[in-house]
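Working notes for the structure below.
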Amino acid sequence: MRIAIFGTELISHKQDELLSLIDVLERYAESYFVNIDFAKQITATTDRVLNQEYIYNSADDFPSNVDFVISYGGDGTFLNCVRTLAGRQIPILGVNSGRLGFLANVTKSGLEEAIISLRNKEFTLENRTMLQIDGLDNTIEYPYALNEIGIQKSHVNMIDVEVATDNQFVATYRGDGVLVATPTGSTAYSLSVGGPILSPQANCLVISPVAPHTLTMRPLVIPDNVNLSISIHSRNNHNFLTLDNRSYEIPNGCKLNIKKSEKSIILVQLQNNSFYQTLRNKRMWGVDKRDNKR
């Protein structure tokens, strides 16, 4: 079993934690590869010097013939991992070394059990939808998003975002901006602005207004096989386009097209974990706080 690790340099990574990670990999993996930034932190924190043969620098030299990728960090690390994979259809397991994680839903204390499950093939694979944006003349190196694509204002003035689906006018959203989220992204930014939670298997997208000027503007669920046309108007020379955790300046008056991408990611779901279990745990569904007061 060949495993690639993708991690982010974080102050929260401690010596014992990283030594445990390396120990588990050395005991259960035939070989493992580590991205250079995370490898540097491992060496700085633990004094363990990794073999240069097993360190990769970027998406361009990502190791071939890898069975699994482990994203080690939080959901932000997971999104960076997806970008590094650059469309490679390799199953990803998210290990959460931080606090709240929907994508990275395996705890670091459960890493060894997770690796054993991978070895014993005790898991299922889920294809997760990604979005693609066009209309910016290839100025964005990686025009894909797993969670959401957002158009947001750059100043105190409101922004007008006209949205149409398959050339049918939907509405002009006036406010701080608009998000287009996948089912995976429905538990991220979209949720914080009032959007619904979607099952990962749902074949739909969510259009969510951000701080709308008209309170009757509500999130809208649409099929994921439509093409979205978006026109942007504001009093500012530029506004912001966000693709997951990346932000770009875009000129006022530009027109964009958003659609479901042919690319997708493959997410590993362990048998003792599920989307609904993660929801219950992270959102504390069914928890009665009165029980703690007895």
Side-chain angles (χ1 to χ4, degrees), residues 1-7 62 65-98 100-108 110-111 113-132 142 144-149 179-191 195-206 221-225 243-245 258-283 285:
M1 183 171 62
R2 293 161 58 89
I3 295 176
I5 298 288
F6 183 90
F62 192 88
N65 301 321
V66 170
D67 300 304
F68 301 98
V69 178
I70 293 179
S71 170
Y72 192 84
D75 282 356
T77 300
F78 193 101
L79 295 173
N80 291 334
C81 177
V82 169
R83 184 182 179 190
T84 300
L85 279 178
R88 296 175 177 87
Q89 293 292 284
I90 305 173
I92 309 173
L93 176 69
V95 176
N96 184 13
S97 66
L100 180 66
F102 278 92
L103 295 169
N105 58 13
V106 175
T107 63
K108 57 186 177 184
L111 175 63
E113 181 181 354
I115 296 291
I116 293 173
S117 295
L118 293 182
R119 186 185 63 179
N120 295 337
K121 299 182 179 180
E122 298 172 344
F123 59 86
T124 58
L125 299 178
E126 293 182 357
N127 276 294
R128 294 293 183 93
T129 296
M130 296 187 71
L131 296 172
Q132 178 178 343
Y142 188 74
Y144 306 99
L146 174 62
N147 275 349
E148 74 279 316
I149 293 177
L179 303 177
V180 180
T182 65
T184 300
S186 70
T187 55
Y189 192 2
S190 179
L191 180 63
I197 295 175
L198 304 178
S199 167
Q201 288 77 35
N203 297 319
C204 53
L205 306 173
V206 181
V221 178
I222 60 172
D224 66 2
N225 60 352
L243 287 83
D244 291 336
N245 54 356
I258 297 175
K259 63 181 179 180
K260 178 181 176 180
S261 173
E262 294 182 358
K263 297 179 182 290
S264 63
I265 69 157
I266 304 174
L267 184 67
V268 176
Q269 284 285 13
L270 302 180
Q271 290 183 356
N272 63 349
N273 208 345
S274 71
F275 171 73
Y276 301 107
Q277 182 179 353
T278 300
L279 274 181
R280 291 194 300 272
N281 293 340
K282 303 299 183 182
R283 306 300 302 177
W285 284 4

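Counting heavy atoms from C-beta outward, Ile3 and Ile115 have side chains that approach closer than 4.5 Å. Side-chain contact check for Gln269 versus Val106: every heavy-atom pair is 4.5 Å or farther apart. When side chains are defined from C-beta on, Gln201 does not count as touching Asn127, because their heavy atoms never get closer than 4.5 Å. By the 4.5 Å heavy-atom criterion applied to side chains, Asn225 and Asn203 are not counted as neighbours. Side-chain contact check for Leu118 versus Val268: some heavy-atom pair is nearer than 4.5 Å. Val69 is listed as a side-chain neighbour of Cys81, based on a closest heavy-atom distance under 4.5 Å. You'll find the side chain of Ile266 stays beyond 4.5 Å of the side chain of Glu126, heavy atoms only. At least one side-chain heavy atom of Phe62 sits under 4.5 Å from a side-chain heavy atom of Thr84.
For the 3.5 Å distance criterion, the side chains of Asn80 and Asn245 qualify, holding a donor opposite an acceptor.
Put simply, CD1 on Ile265 and OG1 on Thr184 are 6.0 Å apart, with the number rounded to the nearest 0.5 Å. For the atom pair CG of Leu198 and OG of Ser190, the computed distance is 7.5 Å after rounding to the nearest 0.5 Å. Taking OH from Tyr142 and CZ from Arg83, the interatomic distance works out to 8.5 Å, rounded to the nearest 0.5 Å. Put simply, CG on Leu85 and CD1 on Ile92 are 4.5 Å apart, with the number rounded to the nearest 0.5 Å. With rounding to the nearest 0.5 angstrom, the NZ atom of Lys259 is 11.5 Å from the CD1 atom of Ile149. Rounded to the nearest 0.5 angstrom, Leu131 CG and Leu146 CG are separated by 8.5 Å.
For Phe68, the ring pair (Phe, Tyr, Trp, His ring centres under 6.0 Å) partners two or more places apart in sequence, or in a different chain, are Phe123. Under the salt bridge (charged side-chain N to carboxylate O under 4.0 Å, His left out) criterion, Glu122 pairs with no residue at all, not counting sequence neighbours. Considering only residues two or more places apart in sequence or on other chains, Glu262 meets the side-chain contact (heavy atoms from CB on, under 4.5 Å) condition with none of them.
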Exercise for the section: Given salt bridge (Lys or Arg N to Asp or Glu O under 4.0 Å), test Asp224 with Lys260 step by step and report yes or no. Expected result: CA-CA 6 Å; Asp224 66 2; Lys260 178 181 176 180; 3.4 Å; yes
Exercise for the section: Show your reasoning for whether side-chain contact (heavy atoms from CB on, under 4.5 Å) applies to Ser186 and Glu148. Expected result: CA-CA 8 Å; Ser186 70; Glu148 74 279 316; over 6 Å; no
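Not one N or O on the side chain of Asn147 forms a donor-acceptor pair closer than 3.5 Å with the backbone of Ala181. Judged purely by atom type and a 3.5 angstrom limit, Arg2 uses its side chain to pair as donor or acceptor with the backbone of Asn65.
Taking a 6.0 Å sphere around CD of Glu113, one finds it holds 12 or fewer heavy atoms contributed by other residues, nucleotides or ligands.
The minimum heavy-atom distance linking Arg128 with Leu267 is given by the pair NH2-CD2, 3.3 Å. Shortest non-hydrogen contact noted between Pro183 and Pro200 is CB-CA, 3.9 Å. Across all non-hydrogen atoms, the minimal contact from Pro196 to Val221 is CG-CG2, 4.0 Å. Nearest approach of Ala104 to Asn96, heavy atoms of both residues: O-CB, 2.9 Å. Of all heavy-atom pairs spanning Lys263 and Ala86, the tightest one is NZ-O, 4.1 Å. Considering every non-hydrogen atom in both Ile90 and Val66, the closest pair reads CG2-O, 3.8 Å.
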